[in-house]
**Q** 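Supplied in structure tokens, the structure appears directly below.
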2 protein chains.
Amino acid sequence: MFDPVCPSPLVPFRVGDKWAALILRCLQDGPRRFSELKVPLRGVTAKSLTQSLRRLERDGFVVREEYEGAERRVEYALTPLGLGLLGPLDAACEWTREHWDELIDAREAGLSGAADL
Amino acid sequence: MFDPVCPSPLVPFRVGDKWAALILRCLQDGPRRFSELKVPLRGVTAKSLTQSLRRLERDGFVVREEYEGAERRVEYALTPLGLGLLGPLDAACEWTREHWDELIDAREAGLSGAADL
DNA sequence: AGGGCTGGTTTCCGATCGGATACCGCCTTA
DNA sequence: TAAGGCGGTATCCGATCGGAAACCAGCCCT
């Protein structure tokens with residue numbers, strides 16, 4: 001999941017910061033713990049993950065719930081607002097999948113003669 | 001159009017860089033000249049505009065056409081791919097409009113107690 | 001000859017982004 | 001008592017983003 005070799009920088013859409021969209025996807029099937037998020041989000045550092053989660057929380061897309069008990073347990077879950085965000089996000093993802101070949105071709109064509117950028 | 005006082009940083013979606021989405025919108029009703037883009041995109045500097053346009057061109061969303069003649073004339077137009085991009089973009093915009101109040105409320109609530117970020 | 005418009009480029013700079021690394025308190029288990 | 005997992009923080013750093021300002025060539029008009 002979320003292979004770092006995947007050329008996702010090609011995707012023309014973004015939701016929030018670098019990891020936000022992936023976090024939302026990870027949470028769409030239910031709450032996840034901090035460490036359960038780190039696994040699928042390959043390569044994310046604790047700092048970046050915390051930062052993204054704090055922002056998603058501040059913006060009302062995610063709630064942080066700390067359970068008290070013997071073992072420490074913190075779970076993150078989507079709010080209704082965050083769940084709704086998945087709609088347009090899915091639309092964008094689907095469009096990207098449908099036009100993937102065109103995106104690749106266009107960029108490769110546009111790349112010849114534009115070394116930098 | 002595109003009032004700088006508009007709190008658009010609240011919008012959770014992004015397409016490309018800061019000006020890309022606005023440029024696409026400006027082009028949706030037909031080609032526009034460089035200087036015709038600068039007007040509605042209030043506050044954009046020539047550098048930023050050029051940069052965004054070059055990227056959009058490289059990625060195959062926009063074409064640059066230079067007309068020869070007495071007066072200098074350069075026009076930018078959407079490609080079919082760029083036109084298609086407006087679909088999911090519109091979906092995202094509409095979602096944002098529908099949930100605007102929730103977005104505001106959520107951020108205001110989330111802001112109390114989170115000074116920075 | 002000078003000034004203006006068009007479509008940029010160049011340089012500089014501060015702000016932000018995000019990775020690397022080290023460290024932390026708390027709790028459980030061996 | 002030490003080791004290890006959990007859920008982070010703190011600090012540093014290089015890369016990128018994007019605005020400000022200056023400058024430019026080519027062409028027009030006066």
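Order of the sequence lines sets the chain letters (A, B, ...), proteins ahead of strands, with each chain counted from 1. Keep in mind that the numbers below use all heavy atoms, side chains included, and drop hydrogens, waters and symmetry copies.
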**Q** D/dG19 P sits how many Å from B/Asp17 CG, rounded?
**A** 9 Å
**Q** Give a yes/no on whether any side-chain N or O of B/Arg33 is located under 4.0 angstrom from OP1 or OP2 of C/dG7.
**A** yes
**Q** If the threshold is 4.0 Å, N to carboxylate O, is there a salt bridge linking B/Arg73 and B/Glu65?
**A** no
**Q** Here's a test of your reading of the structure: between B/Lys38 and A/Gly43, which maps to the more 5' nucleotide of DNA chain C?
**A** B/Lys38
**Q** Using the side-chain heavy atoms of A/Ser35, tell me which of these nucleotides is nearest: D/dT9, C/dG7, D/dC6.
**A** D/dC6
**Q** Going by an N to O cut-off under 4.0 Å, is there a salt bridge joining A/Asp17 and B/Arg14?
**A** no
**Q** Would you mind telling me which residue lines up with the more 5' stretch of DNA chain C, A/Ser52 or A/Arg72, judged by nearest nucleotide?
**A** A/Ser52
**Q** Describe the nucleic acid contact of A/Arg14 in one word from base, sugar-phosphate, nothing, applying a heavy-atom distance below 4.0 Å.
**A** sugar-phosphate
**Q** Give the rounded distance in Å between these two atoms: CG of B/Leu53 and P of D/dG18.
**A** 13 Å
**Q** Between D/dG19, C/dG19, C/dG7, which nucleotide gets closest to the side-chain atoms of B/Thr45?
**A** D/dG19
**Q** Counting side-chain heavy atoms from CB outward, which of C/dG8, D/dC6, D/dA10 is closest to B/Phe34?
**A** C/dG8
**Q** Check the phosphate of D/dG8 against A/Arg64, side-chain N and O only, distance under 4.0 Å to OP1 or OP2. Yes or no?
**A** yes
**Q** Identify which nucleotide among C/dG8, D/dC28, D/dT9 has an atom closest to any side-chain atom of B/Ala46, counting heavy atoms from C-beta outward.
**A** C/dG8
**Q** Between A/Arg55 and C/dG18, is there a contact of a side-chain N or O with OP1 or OP2 at under 4.0 Å?
**A** yes
**Q** Could one point to a donor on the side chain of A/Lys47 or the base of D/dG8 with an acceptor on the other under 3.5 Å away?
**A** no
**Q** Report yes if a side-chain nitrogen or oxygen of A/Arg54 is closer than 4.0 Å to either non-bridging phosphate oxygen (OP1 or OP2) of D/dG8; otherwise report no.
**A** yes
**Q** Can you figure out which of D/dG19, C/dG8, C/dG18 approaches the side chain of B/Val74 most closely?
**A** C/dG8
**Q** Using only side-chain N and O atoms of B/Thr50, determine if any of them is under 4.0 Å from OP1 or OP2 of C/dG8.
**A** no
**Q** Can you check the B/Leu22 CG to D/dG18 P distance for me, whole Å?
**A** 12 Å
**Q** In terms of hydrophobic clusters joined by side-chain contacts under 4.5 Å, are A/Val63 and A/Phe61 together?
**A** no
**Q** A/Leu83 and A/Leu78: which non-hydrogen atoms are nearest, and at how many Å?
**A** CD1-CD1, 3.8 Å
**Q** For residues A/Cys26 and A/Pro40, report the shortest heavy-atom separation together with the two atoms involved.
**A** SG-CG, 3.8 Å
**Q** Distance check: side-chain N/O of A/Tyr76 vs OP1/OP2 of D/dG8, anything under 4.0 Å?
**A** yes
